[in-house]
Amino acid sequence: MAARNRGRKLASTDTVNDTHVKENTQRKPQEPNSTDAPIAPPKSGFILKLSFFFSIPYFYLLFYHYKIEQELKRSILINAVLSLAGFFVTLKLIPVASRYVLRRNLFGYDINKKGTSQGTVKVPESLGIVIGIVFLVLAIIFQYFNFTADSNWLVEYNAALASICFMTLLGFVDDVLDVPWRVKLVLPSIAALPLLMAYAGHTTIIIPKPLVPYVGIEILDLGCIYKLYMGLLAVFCTNSINIHAGINGLEVGQTVVVASAILIHNIMQIGASTDAEYKQAHAFSVYLVQPLLATSLALLSFNWYPSSVFVGDTYTYFAGMTMAVVGILGHFSETLLIFFLPQVLNFLLSLPQLAGFVPCPRHRLPRFDPQTGLLTGTDDGTLVNFFLRQLGRKSEKSLCIYLLVFQATACCFCFVLRYFLAGWYK
Ligand code: UD1
Ligand code: MG
């Protein structure tokens with residue numbers, strides 16, 4: 001009901017809104033139709049070549065550069081093989097799921113193609129549900145290869161999975177019911193509850209060395225406030241991905257870039273450390289991020305320009321929560337926030353509209369010119385519009401590439417920063 005009322009209200013104030021259709025609360029579902037048009041084939045060849053190229057430095061670090069215990073390498077490799085299988089399963093499932101969501105009228109129109117024939121195509125929405133399910137199956141099966149029954153990690157691992165699962169469910173609920181965005185903001189804090197309640201790790205933070213003389217202590221126990229911080233991190237990661245969106249390939253692309261950076265960071269930390277618990281924390285992150293990356297790459301091959309499927313809030317929330325969870329349990333949330341630099345900038349640019357000081361339309365996307373096929377930046381406070389205003393008009397595909405290169409630059413900046421601050425900062 002809420003979705004229906006909101007749709008009507010927005011339709012009168014925002015002309016762009018009428019291109020965004022999630023109608024399953026508004027229309028009677030159609031009967032299954034055997035003549036459903038198939039979606040365009042995935043660009044999986046290109047994605048596989050790109051992944052192969054980028055996996056070389058990763059496996060070099062894992063197998064040659066660092067001396068990592070055989071046992072740990074074995075677990076990471078098993079997880080990588082499972083993830084690869086997950087990639088192919090996801091590739092197969094997305095076209096099937098697309099037919100089902102279209103039958104239930106869960107689709108959107110591509111706003112950045114409005115005025116062209118592509119803009120009239122019903123693009124299946126919420127395909128993140130496939131990624132969420134495949135990811136959870138992989139993560140659950142993997143426990144068999146790594147953990148013993150009395151492992152302390154198993155409790156937190158399963159709590160992390162419960163939070164990710166809960167977030168995927170709430171994301172899907174949002175896609176179906178189109179909940180008001182202020183409600184969207186709090187959904188991740190509810191989904192984070194299983195992890196927050198089960199978390200039994202330390203609640204201390206190490207004070208940066210330059211600040212120790214002023215604070216007077218080296219380690220500060222935050223107690224309950226630490227849990228609040230964890231919850232806020234989950235809210236930030238999920239929503240910041242969701243609002244840095246709306247360009248074909250951007251939601252999944254940013255996740256792929258950040259997940260790759262997390263993996264490299266994890267292997268570097270495992271390789272450089274002698275502390276078993278510290279290594280375990282980073283290995284834990286690898287076990288969740290490899291399946292996230294593999295399944296996301298499969299989704300990207302359908303979502304890359306021109307998108308044949310949309311990911312939905314199901315995916316943006318799922319991906320954000322997975323990365324927040326590994327940042328929390330791997331104890332590298334500060335590093336994660338630097339990987340998220342474009343999302344932080346997008347959030348800061350968005351603040352006036354999010355806080356209600358400036359009117360916030362349903363979609364804060366650029367203006368598309370069907371004649372030239374180029375996008376022009378609008379006054380809406382997003383990084384997408386900011387890039388267009390600074391760099392001039394761009395096609396959707398090249399704008400997405402620019403934004404992803406910027407994301408990768410932020411990740412490289414983080415590695416350089418860590419290198420120079422090592423020993424001095426902490
Ligand atoms: C968030 C943003 C909104 C942005 C939207 C795009 C805020 C507060 N909200 O809203 O400004 O427009 O994401 O995802 O910043 N779509 C495309 N091309 C794409 C991806 C999506 O046209 O590549 C459109 C489709 O019509 C799709 C819809 O966006 O159906 C999905 O929007 P939704 O995820 O529901 O928007 P929000 O997350 O609420
Ligand atoms: Mg969204």
Side-chain angles (χ1 to χ4, degrees), residues 3 6-7 10 14-25 101-102 105-116 118-128 167 170-185 187-188 238-255 299-300 302-320 343 345-356 358-368 375 378-386 395-397 399-400 403-404:
R6 186 164 167 257
L10 284 164
D14 178 17
T15 49
V16 177
N17 183 60
D18 58 10
T19 60
H20 170 222
V21 184
K22 287 175 185 168
E23 296 183 341
N24 73 328
T25 53
V101 293
L102 280 179
N105 286 327
L106 200 57
F107 62 84
Y109 290 115
D110 204 326
I111 299 170
N112 294 317
K113 298 179 186 60
K114 200 178 176 189
T116 68
Q118 280 176 305
T120 60
V121 175
K122 292 177 179 176
V123 183
E125 257 287 6
S126 306
L127 269 298
M167 191 72 265
L170 291 178
F172 196 64
V173 167
D174 176 27
D175 278 336
V176 173
L177 302 182
D178 209 5
V179 298
W181 96 261
R182 271 169 226 286
V183 179
K184 283 182 190 208
L185 261 185
L187 294 182
T238 46
N239 282 295
S240 67
I241 292 193
N242 189 39
I243 65 171
H244 187 38
I247 302 288
N248 287 184
L250 184 57
E251 292 99 323
V252 200
Q254 61 187 299
T255 306
L299 180 58
L300 187 62
F302 287 95
N303 184 245
W304 188 249
Y305 182 92
S307 292
S308 47
V309 304
F310 285 147
V311 301
D313 291 352
T314 316
Y315 178 78
T316 51
Y317 284 164
F318 153 79
Q343 286 74 11
L345 292 177
N346 185 52
F347 172 70
L348 294 177
L349 287 169
S350 302
L351 262 180
Q353 285 186 311
L354 297 185
V358 177
C360 183
R362 172 70 182 86
H363 287 286
R364 303 187 300 147
L365 294 179
R367 214 179 1 264
F368 176 69
L375 297 171
T378 60
D379 286 336
D380 288 318
T382 63
L383 198 62
V384 168
N385 285 314
F386 179 78
S395 69
E396 190 176 0
K397 187 177 173 182
L399 176 61
C400 182
L403 288 162
L404 295 184

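As the structure lists them, so they are numbered: ligands from 1, and atoms in each ligand from 1. Heads up: numbering here begins at 1 and tracks the sequence.
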Engineer: At a 4.0 Å threshold, what atoms of ligand 1 neighbour a non-hydrogen atom of Arg364?
Structural biologist: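 That gives atoms 3 (C), 7 (C), 8 (C), 11 (O), 12 (O), 15 (O) of ligand 1.
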
Engineer: For the CZ atom of Phe347 and the OG1 atom of Thr382, what is their distance to the nearest 0.5 Å?
Structural biologist: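 Between Phe347 CZ and Thr382 OG1, I get 14.5 Å after rounding to 0.5 Å.
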
Engineer: Which ligand 1 atoms are under 4.0 Å away from a heavy-atom of Asn242?
Structural biologist: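 Within the 4.0 Å cut-off of Asn242, ligand 1 contributes 1 (C), 13 (O), 38 (O).
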
Engineer: Taking only heavy atoms of Tyr109, which atoms of ligand 1 are found under 4.0 Å from at least one of them?
Structural biologist: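 Atoms satisfying the 4.0 Å criterion: 22 (O), 25 (C), 26 (O).
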
Engineer: If you measure from OG1 on Thr314 to CG on Leu170, what distance do you get to the nearest 0.5 Å?
Structural biologist: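 Result: 10.0 Å between the selected atoms.
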
Engineer: Quick one: do the Asn248 and Asp110 side chains pair a donor with an acceptor below 3.5 Å?
Structural biologist: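 Judged by distance alone, the side chains do pair up.
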
Engineer: Between the candidates Glu125, Lys122, Arg362, Lys114, which shows the shortest non-hydrogen contact distance to atom 36 (O) of ligand 1?
Structural biologist: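 Nearest option to atom 36 (O) of ligand 1, by heavy atoms: Arg362.
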
Engineer: Provide the number and element of each atom of ligand 1 under 4.0 Å from a heavy atom of Gly108.
Structural biologist: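 Near Gly108, meaning under 4.0 Å from one of its heavy atoms, ligand 1 has 30 (O).
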
Engineer: May I ask you to check whether Ile111 has an N/O atom sitting below 3.5 Å from an N/O atom of ligand 1?
Structural biologist: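 Min N/O separation from ligand 1 is below 3.5 Å for Ile111.
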
Engineer: Does ligand 1 have an atom under 4.0 Å from some heavy atom of Gln353?
Structural biologist: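 Contact check Gln353 vs ligand 1: negative.
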
Engineer: At their closest point, which heavy atom of Gly253 faces which heavy atom of Leu404, and how far apart are they?
Structural biologist: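 Taking every non-hydrogen atom into account, C-CD2, 3.4 Å.
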
Engineer: Taking all non-hydrogen atoms of both residues into account, name the closest pair between Leu375 and Pro366 and its distance.
Structural biologist: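 Nearest heavy atoms, Leu375 then Pro366: CB-CB, 4.0 Å.
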
Engineer: Can an N or O of Ser307 be found at a distance shorter than 3.5 Å from an N or O of ligand 1?
Structural biologist: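 Looking only at distances, the answer is no, because the N/O contact criterion of under 3.5 Å is not met.
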
Engineer: Run the numbers for me: atoms of ligand 1, each under 4.0 Å from some heavy atom of Glu251, listed by number.
Structural biologist: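 Under 4.0 Å from Glu251, ligand 1 has these atoms: 14 (O), 20 (C).
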
Engineer: Using heavy atoms and a 4.0 Å limit, tell me yes or no: is Lys113 in contact with ligand 1?
Structural biologist: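 Lys113: no contact with ligand 1 (<4.0 Å).
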
Engineer: Quick one: does any side-chain atom of Gln353 pair with a main-chain N or O of Asp380 as donor and acceptor, under 3.5 Å?
Structural biologist: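 Not a single qualifying donor-acceptor pair exists.
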
Engineer: Look at the N, O or S atoms of Asn242, main chain and side chain alike, and state whether any lies under 2.8 Å from the Mg ion (ligand 2).
Structural biologist: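 Yes, within the cut-off.
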
Engineer: Among Asp175, Asp174, Asp313, which residue meets the side chain to side chain donor-acceptor pair (under 3.5 Å) test with Ser126?
Structural biologist: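 Filter result, single survivor: Asp175.
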
Engineer: Which of the numbered atoms in ligand 1 are under 4.0 angstrom from any heavy atom belonging to Asp110?
Structural biologist: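 What qualifies from ligand 1 is 17 (C), 18 (N), 22 (O).
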
Engineer: Report yes if some N/O of Glu396 lies less than 3.5 Å from some N/O of ligand 1; otherwise report no.
Structural biologist: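 In this structure, Glu396 places no N or O atom under 3.5 Å from an N or O of ligand 1.
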
Engineer: Please work out which of Pro306, Ala245, Gly246 has its closest non-hydrogen atom nearest to atom 21 (C) of ligand 1.
Structural biologist: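 Among Pro306, Ala245, Gly246, the closest heavy atom to atom 21 (C) of ligand 1 belongs to Gly246.
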
Engineer: Quick check on contacts: which atoms of ligand 1 are under 4.0 angstrom from a heavy atom of Leu365?
Structural biologist: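 Every atom of ligand 1 under 4.0 Å from some heavy atom of Leu365: 12 (O).
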
Engineer: From Asp313, does some N, O or S atom reach closer than 2.8 Å to the Mg ion (ligand 2)?
Structural biologist: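 Of the N, O and S atoms in Asp313, at least one lies under 2.8 Å from the Mg ion (ligand 2), which means yes.
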
Engineer: Does any N/O atom on Asn112 come nearer than 3.5 Å to any N/O atom on ligand 1?
Structural biologist: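 It does not: no N or O of Asn112 is found under 3.5 Å from an N or O of ligand 1.
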
Engineer: Going from CG on Leu354 to CZ on Arg364, what distance comes out if it is rounded to the nearest 0.5 angstrom?
Structural biologist: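 With rounding to 0.5 Å, CG (Leu354) is 5.5 Å from CZ (Arg364).
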
Engineer: State, with a plain yes or no, whether a side-chain heavy atom of Lys113 is found less than 4.5 Å away from one of Val121.
Structural biologist: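 No; the side chains remain at least 4.5 Å from each other.
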
Engineer: For Val309, does its backbone N or O pair with a side-chain atom of Asn303 as donor and acceptor, under 3.5 Å?
Structural biologist: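 Indeed, once roles are kept as given, a pair shorter than 3.5 Å links the two residues.
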
Engineer: Lys184 versus ligand 1: do any nitrogen or oxygen atoms come within less than 3.5 Å of each other?
Structural biologist: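 In this structure, Lys184 places an N or O atom under 3.5 Å from an N or O of ligand 1.
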
Engineer: Rounded to the nearest 0.5 Å, what separation is found between the CG atom of Asn242 and the OH atom of Tyr317?
Structural biologist: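 Between atom CG of Asn242 and atom OH of Tyr317 there are 4.5 Å.
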
